[in-house]
Engineer: 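If you scroll down you'll find the structure; I have some questions about it.
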Amino acid sequence: MATDYDAPRKTDDELNEDSIEELKARRADQSSGKVDEDETEAAEGFELPGADLSNEELSVRVLPRQADEFTCSSCFLVHHRSQLAGESTPSRLVCTECAA
């Protein structure tokens with residue numbers, strides 16, 4: 001922002017008055033958009049249809065790492081070879097997301 005050095009300067013009293021008025025205006029602007037609602041209380045009111053999953057068990061078949069996959073040495077996720085970062089070394093395989 002450019003500074004106009006020829007403009008008359010304000011005194012300390014004028015600066016204090018301006019800053020107090022600006023702070024009051026900012027406080028009014030910030031508080032106008034707030035809603036006083038507790039997120040946990042609002043979430044308790046939501047019920048999904050058929051959401052009682054307390055007695056459910058998830059059964060997933062886990063496959064071993066395939067020949068065209070690698071384990072990233074940074075995030076420890078198994079990725080396809082197409083996601084291997086170009087600068088990776090055989091001793092330190094890194095995925096493209098971790099290399100970025």
Side-chain angles (χ1 to χ4, degrees):
M1 182 173 170
T3 304
D4 184 9
Y5 292 104
D6 295 330
R9 297 191 179 165
K10 295 182 179 182
T11 63
D12 289 338
D13 294 333
E14 291 174 333
L15 288 173
N16 288 338
E17 289 174 8
D18 289 343
S19 62
I20 291 173
E21 291 173 5
E22 289 176 13
L23 289 174
K24 288 179 182 178
R26 283 189 212 147
R27 184 185 315 153
D29 290 342
Q30 289 176 352
S31 63
S32 65
K34 290 185 180 178
V35 176
D36 294 331
E37 183 177 3
D38 188 17
E39 293 178 8
T40 55
E41 290 178 10
E44 289 175 0
F46 293 122
E47 289 212 20
L48 299 175
D52 185 17
L53 302 174
S54 58
N55 296 326
E56 293 291 322
E57 288 187 24
L58 184 63
S59 58
V60 178
R61 195 172 119 219
V62 178
L63 298 175
R65 187 178 65 199
Q66 303 297 311
D68 61 344
E69 295 176 334
F70 71 97
T71 303
C72 177
S73 61
S74 181
C75 66
F76 304 105
L77 294 176
V78 176
H79 296 281
H80 188 265
R81 288 275 180 195
S82 63
Q83 294 181 344
L84 184 62
E87 63 272 358
S88 297
T89 62
S91 62
R92 182 162 161 77
L93 300 174
V94 179
C95 68
T96 54
E97 292 178 10
C98 292

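Residue indices begin at 1 and follow the sequence shown.
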Engineer: When rounded to the nearest 0.5 angstrom, what distance separates SG in Cys98 from CG in Leu77?
Structural biologist: 7.5 Å
Engineer: Using side-chain contact (heavy atoms from CB on, under 4.5 Å) as the criterion, list what pairs up with Asn55, not counting sequence neighbours.
Structural biologist: none
Engineer: Minimum heavy-atom separation for Phe70 to Val94, with atom names?
Structural biologist: CE1-C, 4.1 Å
Engineer: A side-chain contact here means heavy atoms from C-beta on lying under 4.5 Å apart; do His79 and Leu84 qualify?
Structural biologist: no
Engineer: Kindly give the heavy-atom pair with the smallest separation between Arg92 and Ser73, and that separation in Å.
Structural biologist: NH1-OG, 3.2 Å
Engineer: Is it the case that over 12 heavy atoms from other parts of the model lie below 6.0 angstrom from the CD atom of Glu97?
Structural biologist: no
Engineer: For Cys95 versus Ala85, what's the shortest heavy-atom pair and its separation?
Structural biologist: O-CB, 3.9 Å
